[in-house]
Amino acid sequence: MEDNPKKLGIRRITRDFPPAHFLFKVEAFSLLAKTGVEKYESDAFEASGYKWRLSLYPNGDNKSNGNGFISLYLVIEETENLTLTWEVNVSFRLFVLDQIRDKYLTIEDGDGAVKRFHWMKTEWGFAQLISLDSFNDTCNGYLVGDCCIFGAEVFPLARNCKWECLSMVKQPEDNTIIFKMDHFSKLDRKYYESSVHTIGDSKWKLTVYPRGNVKFKGKALSVFLELVEANKLPTKRKVYAEYKLRVRNQMNDNHMEFSVERWFSATSVNWGYPQFMTLKVLHDPSKGYIVCDSLIVEAEINLVSQVKRFS
């Protein structure tokens, strides 16, 4: 059953043809929701001569009475290139695809009001876009195979639609970085980096401090996973990873490992443990971590987000 179309002055109708400007597909939606992220912002798209993005709250915007709903907003971007007193007046619609009937649930203000975007108000949308009960009901077709598709139109219309697809990929191919450090006792640099591995659509590497870093220098082995070329990501793009950092026990299966869940970005490029294990334990021959003067450090990525864009 669909939400009440008159609720909060919102008009909800269905139509056959897709949005004119942007479609945003989310694969493995339940995994995205479980990451605990408050909101996920799409890449920017162009419509009506301006740049926009969608801001999705998979568990609802609780600050705006969105608890129990999907919340979705249209956000204007790159306003620093506009004049000091800029304002943009638009009429817009947001969409959710019914994948069973191939129809688009269209959500807009009930009175068709034009929204004014300006420096104090850069986003408009719906805290109660669609109830989670309705969204999760497979009979409605909004969430099929744990995938969903949202969309946006910003008027005046110009057919120049771009697609963005966010996927949460479980057990990606070649998901383990193996960093074998030979002649370990003779390593004298502050840190060492593994070769770069592509997992999902992102590049990763391990960084190991043989004698620790910062306050654990001389006390512990420090191990970090780094998102390579994070500075080249589009503005506000995030990459999620669930992974294990591991020092392999070469005598048995009693490996030293820790699990991590982390969103990476241009401002948060690496994450790990400065005190992964004490040097005393690491160098104890009976523990089996260093054998024939070689140490093996691994990163196993079991879940990673990736984004694809289409014209």
Side-chain angles (χ1 to χ4, degrees), residues 3 23-43 53-73 75 94 96-99 105 125-151 163-173 175-176 199-202 204 224-227 230 233-234 236-246 257-273 299-308:
D3 299 308
L23 284 167
F24 176 35
K25 182 177 182 180
V26 180
E27 297 179 341
F29 179 86
S30 64
L31 296 178
L32 173 66
K34 288 178 181 178
T35 67
V37 66
E38 180 185 14
K39 65 179 177 180
Y40 182 89
E41 295 178 288
S42 74
D43 285 355
R53 70 174 77 247
L54 288 180
S55 181
L56 171 67
Y57 292 71
N59 296 304
D61 181 5
N62 296 329
K63 297 177 182 177
S64 299
N65 199 31
N67 187 37
F69 291 80
I70 298 288
S71 303
L72 189 64
Y73 299 90
V75 184
L94 301 180
V96 186
L97 175 62
D98 176 348
Q99 300 172 70
L105 175 65
F126 305 99
Q128 298 185 6
L129 182 85
I130 184 172
S131 72
L132 286 171
D133 288 341
S134 179
F135 180 79
N136 290 318
D137 187 344
T138 55
C139 295
N140 289 330
Y142 304 128
L143 189 63
V144 175
D146 208 23
C147 296
C148 53
I149 297 175
F150 302 96
W163 277 78
E164 177 178 327
C165 178
L166 167 66
S167 304
M168 306 297 288
V169 182
K170 293 183 69 175
Q171 301 300 325
E173 294 183 2
N175 67 329
T176 302
I199 301 174
D201 62 357
S202 301
W204 307 88
F224 301 89
L225 179 67
E226 179 175 335
L227 177 63
L233 290 173
K236 297 189 178 180
R237 173 77 67 81
K238 298 178 182 178
V239 180
Y240 181 76
E242 292 182 4
Y243 58 96
K244 294 180 180 179
L245 293 176
R246 177 186 304 122
E257 68 178 28
F258 296 94
S259 296
V260 184
E261 300 175 3
R262 185 71 178 176
W263 283 96
F264 293 80
S265 67
T267 57
S268 181
V269 301
N270 59 44
W271 192 259
Y273 292 89
E300 179 184 335
I301 300 179
N302 296 310
L303 177 66
V304 65
S305 66
Q306 63 181 38
V307 172
K308 293 182 180 179

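One is the number of the first residue; the rest follow in order along the sequence.
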Within a strict 4.5 Å, meaning less than it, do heavy atoms of the Lys34 and Met168 side chains meet?
no
Would you indicate whether the side-chain heavy atoms of Trp204 and Val239 approach each other to under 4.5 Å?
yes
If every non-hydrogen atom of Lys238 is compared with every non-hydrogen atom of Val37, which pair is closest and at what distance?
NZ-CG2, 4.1 Å
Return the minimal non-hydrogen interatomic distance between Gln99 and Val144, and the atom names on each side.
NE2-N, 3.7 Å
For Ala230 and Ser265, work out which heavy atoms get closest and say how close.
CB-O, 3.7 Å
Pairing residues for Arg262 by the side chain to side chain donor-acceptor pair (under 3.5 Å) criterion, not counting sequence neighbours
Ser268
Residues two or more places apart in sequence or in another chain: which of them pass ring-ring contact (aromatic ring centres under 6.0 Å, His included) with Phe29?
Phe135
Contact check, side chains of Trp163 and Ile149, non-hydrogen atoms, under 4.5 Å
yes
Show the numbers, then the answer: is there a side-chain contact (heavy atoms from CB on, under 4.5 Å) between Leu94 and Leu54?
CA-CA 9 Å; Leu94 301 180; Leu54 288 180; 3.9 Å; yes
Verify, without hydrogens or angle tests, whether Asn140 (side chain) and Ser134 (backbone) share a donor-acceptor contact under 3.5 angstrom.
yes
What distance do Leu143 atom CG and Ser30 atom OG have between them, rounded to the nearest 0.5 Å?
7.5 Å
Please confirm whether the backbone N or O of Gly60 pairs with a side-chain atom of Ser71, one donor and one acceptor, at under 3.5 Å?
no
Of all heavy-atom pairs between Pro172 and Ile199, which one has the smallest distance, and what is that distance?
CG-CG2, 3.6 Å
Could you tell me whether the side chain of Glu164 and the main chain of Asp43 form a donor-acceptor pair under 3.5 Å?
yes
Can you tell me if CH2 on Trp271 sees more than 12 non-hydrogen neighbours from other groups inside 6.0 Å?
no
Any sub-3.5 Å donor-acceptor pair from Asn175's side-chain atoms to Glu300's backbone N or O?
no
Is there a side-chain contact (heavy atoms from CB on, under 4.5 Å) between Ile301 and Leu225? Walk through the geometry before answering.
CA-CA 10 Å; Ile301 300 179; Leu225 179 67; 4.1 Å; yes
Report yes or no: does Asn59 contribute a side-chain atom to a donor-acceptor pair with the main-chain N or O of Gly36 at less than 3.5 Å?
no
Please report the interatomic distance CG(Asp61) to CZ(Phe126), rounded to the nearest 0.5 Å.
13.5 Å
4.5 Å side-chain heavy-atom contact, Tyr240 and Leu32
no
Can you tell me if Glu261 uses its side chain to pair, donor with acceptor, with the backbone of Thr35 under 3.5 Å?
no
Going by the rule ring-ring contact (aromatic ring centres under 6.0 Å, His included), which residues pair with Tyr73 if we only count those two or more places apart in sequence or in a different chain?
Tyr57
Flag the pair Gln171 / Asn302 as yes when at least one side-chain heavy-atom distance between them is below 4.5 Å, and no otherwise.
yes
Decide yes or no for Pro58 and Tyr40: does some side-chain heavy atom of the first lie under 4.5 Å from some side-chain heavy atom of the second?
no
Are Leu227 and Leu233 packed together at the side-chain level, in the sense that at least one heavy-atom pair is separated by less than 4.5 angstrom?
yes
Separation of Lys244 NZ from Glu257 CD (nearest 0.5 Å):
5.0 Å
Do the non-hydrogen side-chain atoms of Val269 and Phe264 ever get within less than 4.5 Å of each other?
no
Applying the side chain to side chain contact (heavy atoms under 4.5 Å, CB included) test to Leu56, which of Ile70, Leu129, Leu166 qualifies?
Ile70
Pairwise distance CD(Glu27) to OG(Ser305) - rounded to 0.5 angstrom
12.0 Å
